[in-house]
Amino acid sequence: MIRWGLCCLFRKAPIKFRRTTAKYLSTLSHVKRMDYLSEICMYNAKSLFDALRFCRGNGIYAFRINSQILPLKTHPQIGYGIESLPRATEILDLFKKCGAYCRRHNLRTSFHPDQFILLSSPDTDVTSRSIAELQYQAEVARWVNADVVNIHAGGAYGDKAKTLERLARRIRRLPLTVRQRLTLENDDRIYTPRDLLIVCEKLGIPFVYDVHHHRCLPDGQGIEETTDLALSTWNREPLFHISSPLTSWAGPNPRKHHDYIDCQDFPRYWLPLDITIDVEAKAKELAVFKLIQDLGRKTRTE
DNA sequence: AGCGGTCAAGTTGAT
DNA sequence: ATCAACTTGACCGCT
């Protein structure tokens, strides 16, 4: 059975997550700043519970948690520890309640730190900030029982092979809480599945296969072969990504995501697999519903 | 109440 | 050398 995954937000369901900016926070006194952050973190923890309840009620059993769930947690100037927020225990308990809910109802959660999180950079300031961010996301992952913190390999820095070696070294040295959850995903500009599968196999890190990125940046290996190789890197339920191009595959920028998934883009080979598939589409939960429906209709009429 | 400018971060590639 | 793209809604502050 496929476990369908929703990414971070909702199009129609009235569930929102709040954020703030470093600029605004820096205009507040320390006390006011901590109060404000506490309020947002509390709100987000409650929203996460709402999100999980919505997903469970609608047949969506995987949910990707936004990196900003605790906004600006590792910002170099205004970063903070959860324990220094007012009502920290209440916030923590809410997150742990989300974790218990996931365990009880077989929901899977994951994190996907964004493009600035780079373990492969030659700049050690960049990597140490990235490691701090990964530690924060892994910490929240522990509270909510998330088993994936998924990143890309980063830039080429003029030499992909050297960069991948540097990446492997940094991954080996990560704290266990991070490394146990870390996964690598192919991107649409630089690192293909073929590049990353080698690293993943070598390090025992699972590979998140994004077939849309693979189509944007092919490597001569087919979808079926890549799927099999990706599956073999997982010591738990595999996680894959699907999306469709905004305009068309022939258009100027097929990398941009569409509101929905064109079920022609969905690899038939994936249909019988026991995997999680995150649906990366701008119509969010509506896109998940539509894809499930379209695939059902299609397979019935064939 | 509504709208517009703005938002932590790095890297690449177009100009 | 500079700057948009990547991705992206939600925030604050001003009208």
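The shown structure was predicted, so the numbers you read here are calculated from the model rather than taken from an experiment.
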Pull out every stem in DNA chain B, meaning runs of 3 or more consecutive Watson-Crick or G-U wobble pairs with both distances under 3.5 Å. B:1-7 with C:9-15, B:10-15 with C:1-6
Could you list the protein-to-nucleotides 3-5 of chain C atom pairs, N/O on both sides, closer than 3.5 Å?
none

Give the rounded distance in Å between these two atoms: [atom1] of [X] and [atom2] of [N].
{"X": "D123(A)", "N": "dT12(B)", "atom1": "CG", "atom2": "C1'", "result": "16 Å"}
{"X": "D210(A)", "N": "dC6(C)", "atom1": "CG", "atom2": "C1'", "result": "14 Å"}
{"X": "K16(A)", "N": "dG9(C)", "atom1": "NZ", "atom2": "P", "result": "10 Å"}
{"X": "R64(A)", "N": "dT7(C)", "atom1": "CZ", "atom2": "P", "result": "12 Å"}
{"X": "L28(A)", "N": "dC11(C)", "atom1": "CG", "atom2": "P", "result": "15 Å"}
{"X": "L167(A)", "N": "dT11(B)", "atom1": "CG", "atom2": "P", "result": "13 Å"}

Decide if the gap between the ring center of W143(A) and the ring center of F111(A) is smaller than 6.0 angstrom.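 No: the rings miss the under 6.0 Å criterion.
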Student check: side-chain heavy atoms of Y209(A) and T233(A) closer than 4.5 Å: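 Y209(A) does not reach T233(A) side chain to side chain.
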Below 4.5 Å, heavy atoms only, C-beta onward: do V211(A) and Y269(A) meet side chain to side chain? no
What nitrogen or oxygen pairs link the protein and nucleotides 5-9 of chain B at under 3.5 Å?
residue : atom : partner : partner atom : Å
dC7(B)  : OP1  : K23(A)  : NZ           : 3.0
dA8(B)  : OP1  : A22(A)  : N            : 2.1
dA8(B)  : OP1  : K23(A)  : N            : 3.4
dA8(B)  : O4'  : H75(A)  : NE2          : 3.1

Applying side chain to side chain contact (heavy atoms under 4.5 Å, CB included), name anything that partners A281(A), two or more places apart in sequence or on another chain.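 Per chain and number, A281(A) pairs via side chain to side chain contact (heavy atoms under 4.5 Å, CB included) with I261(A), V279(A), A287(A).
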By side chain to side chain contact (heavy atoms under 4.5 Å, CB included) - contacts of Y157(A) (at least two apart): L118(A), S120(A), S121(A), P122(A), T163(A), R166(A)
Could you identify which residues of residues 277-289 of chain A place a heavy atom less than 4.0 Å from some atom of DNA chain C, listed by residue number, or say none? none
What is the ring orientation for W270(A) with F240(A), classed by angle as parallel under 30°, tilted 30 to 60°, or perpendicular over 60°?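 Rings of W270(A) and F240(A): tilted, as their planes differ by 30° to 60°.
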